[in-house]
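Computed from a predicted model, the values in this text were never measured in an experiment. Each chain gets a letter, A, B and so on, in the order the sequences are listed, and its residues count up from 1. The basis for the numbers below is simple: all heavy atoms, side chains too, and nothing from hydrogens, waters or symmetry mates.
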Amino acid sequence: MITIRGLRKSYGDVLALDSLDLDIASGEVVALLGPSGCGKSTTLQLVAGFVEPTAGEIKIGDRMMSRPGMVVPPERRGMSLIFQSYAIWPHKTVAENVAFGLQVRHMPKAEIVERVRRHLNTVQLEHLADRYPSELSGGQQQRIALARALAVDPEILLLDEPLSNLDANLREEMRFEIRRLHDTTGVTMIYVTHDQTEAMVCADRIAVMNKGRIEQVGTAFDIYEKPRTKFVAGFIGRCNALPGKLTAPGVVEVVGATLRATDESGAAGGSAISLCIRPHRVALGAAPEGPANRLRGRVERVAYLGEASDYLIEMADGIRIRAFASPATPYRPGEEIDVYLPVKDCRVVAE
Amino acid sequence: MAMAQDVIAREPARPIVRIENVLRNGACVVLLAILAVLIVMPLYALLSQSLEDADKHFIGLGNFVRYADNPGLVQSVYNSLFVSIAVTAITVPLAFGYAYALTRSCIPAKAIFKGIALLPILAPSLLPAISLTYMFGNQGFMRGLLGGHSIHGPIGIIMAQVFHCFPFGVLIIGTALGISDGRLYEVAQTFSTPKWRVFWTITLPAVRYGLISACFVIFTTAIVDFGIAKVIGGSYNVLAIEIYKQIIGQQNFQMGAVIGVLLLLPALLTFFIERYVNKRQMSQLTARAVLYQPKPHRLFDATMLAFVVVVALCILGVNAVAVFASFFKLWPYDLSFSLDSYDFAAFDPGGWSSYWNSIIMASGAALFGTVLTFGGAYLVEKSPIPASLRGLLHILAMIPIAVPGIVLGLGYVFFFNDPANPLGFLYYTMTILVMCSIAHYYTIPHLTALTALKQVDKEFEAVSQSLGVPFWVTLRRVTIPISVPVILDVATYIFVNAMTTVAAVIFIYSPQNKLASIAVIAMEDTGDTGAACAMAMMILYTSVAVKVVQIGLSKLLFPKLQLWRHPDAS
């Protein structure tokens with residue numbers, strides 16, 4: 001169990017991390033997701049023990065790991081690290097790379113051999129044990145790094161953008177590979193990434209970060225279906241955020257019309273809010289739910305994307321909305337059409 | 001899992017003093033102290049000497065005023081400026097043409113021509129001076145070509161300096177030409193821009209920083225050089241010679257210090273201009289730039305080839321004269337083969353021992369210099385030492401490049417010859433020669449090692465640490481093995497330069513540890529030009545041999561180590 005309380009880090013006047021609280025259970029995979037500069041890598045550096053916090057604390061179980069003035073050094077934290085650049089030693093073979101951390105622990109030779117074999121087997125690289133890293137592909141190199149990290153039996157595995165150097169196809173394959181490794185070893189993982197799909201595939205819970213703070217923590221489903229802030233709604237998948245006003249619980253005034261929406265924002269009546277709806281939940285033309293939540297708009301632009309048609313529709317007050325409709329929809333630019341925003345897909349998000 | 005928990009359970013929750021940090025910070029302080037002795041204290045001694053009278057009383061700028069009142073001394077400033085400007089004006093266009101041919105034409109054997117252009121770097125700067133004396137001197141076989149003018153004077157200095165400075169020009173301008181963006185030329189071609197216009201509007205602006213940089217480097221190299229002026233300058237007074245005369249001839253240390261300070265100025269100026277220019281030049285090349293690929297063009301290529309061949313022949317010729325001079329009795333008049341010139345004992349009391357002294361000195365400088373520079377670069381780049389120590393270490397490492405050898409050597413005299421200095425016992429020893437050579441050539445190895453270490457991901461250290469590997473194990477088993485090529489490179493650089501330097505050691509050698517480069521000057525002084533040639537050639541042979549061994553080792557023995565530089569090679 002990792003407990004992070006009020007964690008804060010500033011470099012001179014620059015605030016890299018602004019008060020972070022997070023609990024991570026043993027055996028859990030938590031992704032820190034956010035744009036560059038949001039503080040996710042700083043958080044990882046703090047957890048790893050490379051950086052001393054300005055305020056706050058990090059505990060593992062009951063044991064204090066970091067607080068201002070006291071940092072247990074990285075090698076005594078029982079953690080292993082995986083980096084974007086792999087950081088595997090180019091002049092050592094695959095097996096030597098995995099064995100290195102065990103040798104400096106003065107483990108008996110037979111056990112080293114056995115462990116190296118077992119972990120190379122886990123990452124499916126046993127047949128390449130005697131090759132040099134430069135002879136292998138990027139995905140294979142990252143597997144070496146994983147085997148090396150796991151070989152020392154860490155309690156916690158920290159991954160810093162581990163797949164960002166790989167090309168798209170490999171990245172997709174390695175996401176599932178990392179999740180599989182977790183399920184076979186049960187190791188606790190903190191996974192830093194800016195790629196939402198990566199976070200959604202690998203993590204049990206996702207902490208969406210922005211400007212040095214956590215905006216929302218939850219399962220992939222929660223984060224996508226119930227975003228609590230405009231930033232989360234916009235960062236995880238595409239989202240229309242229409243500016244409006246909350247007139248009564250579940251009733252909003254948007255684009256000159258009164259609409260009903262799901263409201264878990266806790267915003268007070270009369271306050272400015274955003275109405276969030278994902279483009280593929282916007283329905284065009286025929287009204288499945290009758291006249292409720294219906295707006296009029298003019299097609300400004302349309303692009304055929306194969307799986308869907310991407311519409312940009314201008315409504316009253318010059319406000320635009322994106323809609324992904326069935327590719328078969330026949331509307332042309334300039335055409336006036338009906339735009340339906342299903343109540344269950346409209347969410348009120350506080351400004 | 002169990003193991004990790006054990007480790008954690010034993011750990012007390014209190015501030016932790018880490019042996020690793022103590023070691024690293026300690027190493028940093030020790031290195032700073034060494035650099036203070038090698039670089040800072042001698043320079044400080046020089047500066048304070050220039051502001052004191054003979055009895056060590058502070059007199060402000062009094063020495064400088066006295067200097068300005070002495071017409072002979074002022075004349076040496078004009079002479080130095082004249083020679084250096086002339087050398088710059090001749091060398092830069094030549095080097096530009098040569099570099100242009102190497103980068104922008106389709107001439108054959110570019111690697112060989114580049115090698116020939118760089119050959120003078122491996123030879124002592126004296127070598128062209130001696131060869132020219134041999135050719136155009138009082139008994140020279142080509143003296144008729146000078147039309148009655150003596151080679152001993154500005155003509156000789158300028159000619160020899162051009163040979164000496166040429167490789168620097170080719171390197172700097174060649175780099176600038178090499179990073180030009182090929183897309184600009186393709187665009188120009190689609191507009192059918194005339195060739196001369198392309199040259200003036202694309203080529204020259206793109207290399208302007210390289211040209212500026214080359215001008216300043218060559219000007220500074222020429223103005224601070226001592227060896228060439230000593231050998232071929234005759235009675236023509238330049239600043240570096242004036243220092244020598246003031247110190248050795250008149251024992252006027254204050255005036256020597258004043259000239260030393262004056263010589264620091266152009267070097268300092270060059271240093272800052274270089275830094276400024278480097279920043280600008282690198283920013284021209286974006287990641288998307290396409291490197292220019294020259295296309296064959298018969299007439300242009302032929303012209304370029306002719307030019308390059310002429311220049312290359314001149315360089316080879318000057319070196320060949322020294323070779324012939326050393327192997328024949330009195331080339332070209334008496335062509336009987338003879339190794340007499342290599343019997344150094346017949347010409348100079350030091351004999352062959354000067355050569356061996358140089359080998360010992362250069363080896364010592366290479367060994368300790370590599371350890372210091374690589375260690376320093378490692379501390380700066382790879383260690384979590386306090387930022388203040390890191391900054392100070394880097395600044396101290398950058399100072400020597402702005403200090404001419406003769407100025408540094410003079411600082412060593414003032415600092416180590418001071419009776420109050422407890423380190424005074426080092427004066428006149430081999431150790432001080434090694435120290436001065438390391439200090440003089442510290443900057444380039446430092447930067448080379450720094451660049452190489454920067455290319456090794458910081459994450460290597462982080463991963464090692466999290467695996468529980470102490471930094472010295474990572475250093476020994478990972479960082480150093482990966483860096484073997486650059487370590488060899490650094491060691492070779494220091495060795496070759498220590499073999500050839502004259503200026504840095506002219507004031508601090510003793511008769512017991514006379515060096516080869518000093519012996520060259522001594523034998524030239526006594527008119528034994530053949531023997532001087534032979535000794536200079538011994539230096540060149542040795543440097544070439546060491547360089548060849550270095551390239552061979554890097555290419556043959558460590559291909560695996562180089563692979564990491566090209567992760568996509570497979």
Side-chain angles (χ1 to χ4, degrees), chain A residues 26 45 48-51 59-65 67 69-92 100-105 107 131-138 141 145 148-149 151-156 158 160 165 185-188, chain B residues 1-22 383-384 387 455-485 557-570:
Chain A
S26 286
Q45 296 268 310
F50 289 115
V51 177
K59 280 184 182 171
I60 297 181
D62 293 331
R63 221 169 78 68
M64 180 64 72
M65 281 293 167
R67 58 176 161 74
M70 199 287 301
V71 176
V72 174
E75 67 271 23
R76 301 190 211 161
R77 290 182 168 232
M79 296 177 182
S80 277
L81 290 134
I82 300 286
F83 290 106
Q84 178 177 356
S85 64
Y86 323 136
I88 43 177
W89 296 299
H91 63 298
K92 291 180 185 290
F100 191 53
L102 306 173
Q103 285 162 356
V104 296
R105 283 174 163 72
M107 200 173 270
R131 304 279 282 275
Y132 282 92
S134 53
E135 301 170 64
L136 309 183
S137 72
Q141 295 192 21
R148 181 181 62 185
V152 296
D153 275 351
E155 195 185 10
I156 298 159
L158 306 176
D160 191 356
N165 265 8
T185 59
V187 67
T188 309
Chain B
M1 193 83 52
M3 190 176 77
Q5 273 158 354
D6 284 354
V7 171
I8 286 165
R10 271 189 273 114
E11 200 63 50
R14 59 176 165 77
I16 292 159
V17 177
R18 302 188 61 202
I19 180 108
E20 296 200 22
N21 286 345
V22 173
S383 292
Q455 289 172 350
V456 180
D457 280 323
K458 271 211 169 28
E459 273 111 42
F460 280 116
E461 309 285 322
V463 162
S464 294
Q465 218 185 346
S466 73
L467 289 175
V469 184
F471 81 88
W472 57 84
V473 175
T474 311
L475 179 64
R476 183 169 57 84
R477 294 187 49 181
V478 179
T479 315
I480 290 180
I482 287 176
S483 307
V484 164
L557 290 181
F558 305 106
K560 285 251 158 63
L561 297 175
Q562 296 283 12
L563 273 178
W564 66 273
R565 291 175 192 277
H566 313 286
D568 305 328
S570 56

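The shortest non-hydrogen separation linking B:Phe460 to A:Pro90 is CZ-CD, 4.0 Å. Considering all non-hydrogen atoms of both residues, A:Arg105 and B:Gly468 come closest at NH1-N, 4.5 Å. Considering all non-hydrogen atoms of both residues, A:Phe83 and B:Ala462 come closest at CZ-CB, 3.6 Å. Here the shortest heavy-atom pairing between A:Val104 and B:Leu467 reads CG2-O, 4.2 Å. Residues A:Leu81 and B:Ser466 come closest through the heavy atom pair CD1-CB, 3.1 Å. The heavy-atom pair separating B:Ser464 from A:Trp89 by the smallest distance is OG-CZ2, 3.2 Å.
Only the side chain of B:Glu20 comes within contact range of chain A, with at least one heavy atom under 4.5 Å from a heavy atom of that chain. Using a 4.5 Å cut-off between heavy atoms, A:Ile88 contacts chain B through its backbone alone, with no side-chain atom that close. With a 4.5 Å cut-off on non-hydrogen atoms, A:Gln103 touches chain B through its side chain but not through its backbone.
In this structure B:Gln465 satisfies the side chain to side chain donor-acceptor pair (under 3.5 Å) test with no other residue, sequence neighbours excluded. Applying the side chain to side chain donor-acceptor pair (under 3.5 Å) criterion to B:Ser383, with sequence neighbours excluded, gives no partner residue.
Under the 4.5 Å side-chain criterion, counting only non-hydrogen atoms from C-beta, A:His91 is in contact with B:Val478. Residues B:Glu459 and A:Gln84 are not in side-chain contact: their nearest non-hydrogen atoms beyond the backbone lie 4.5 Å or more apart.
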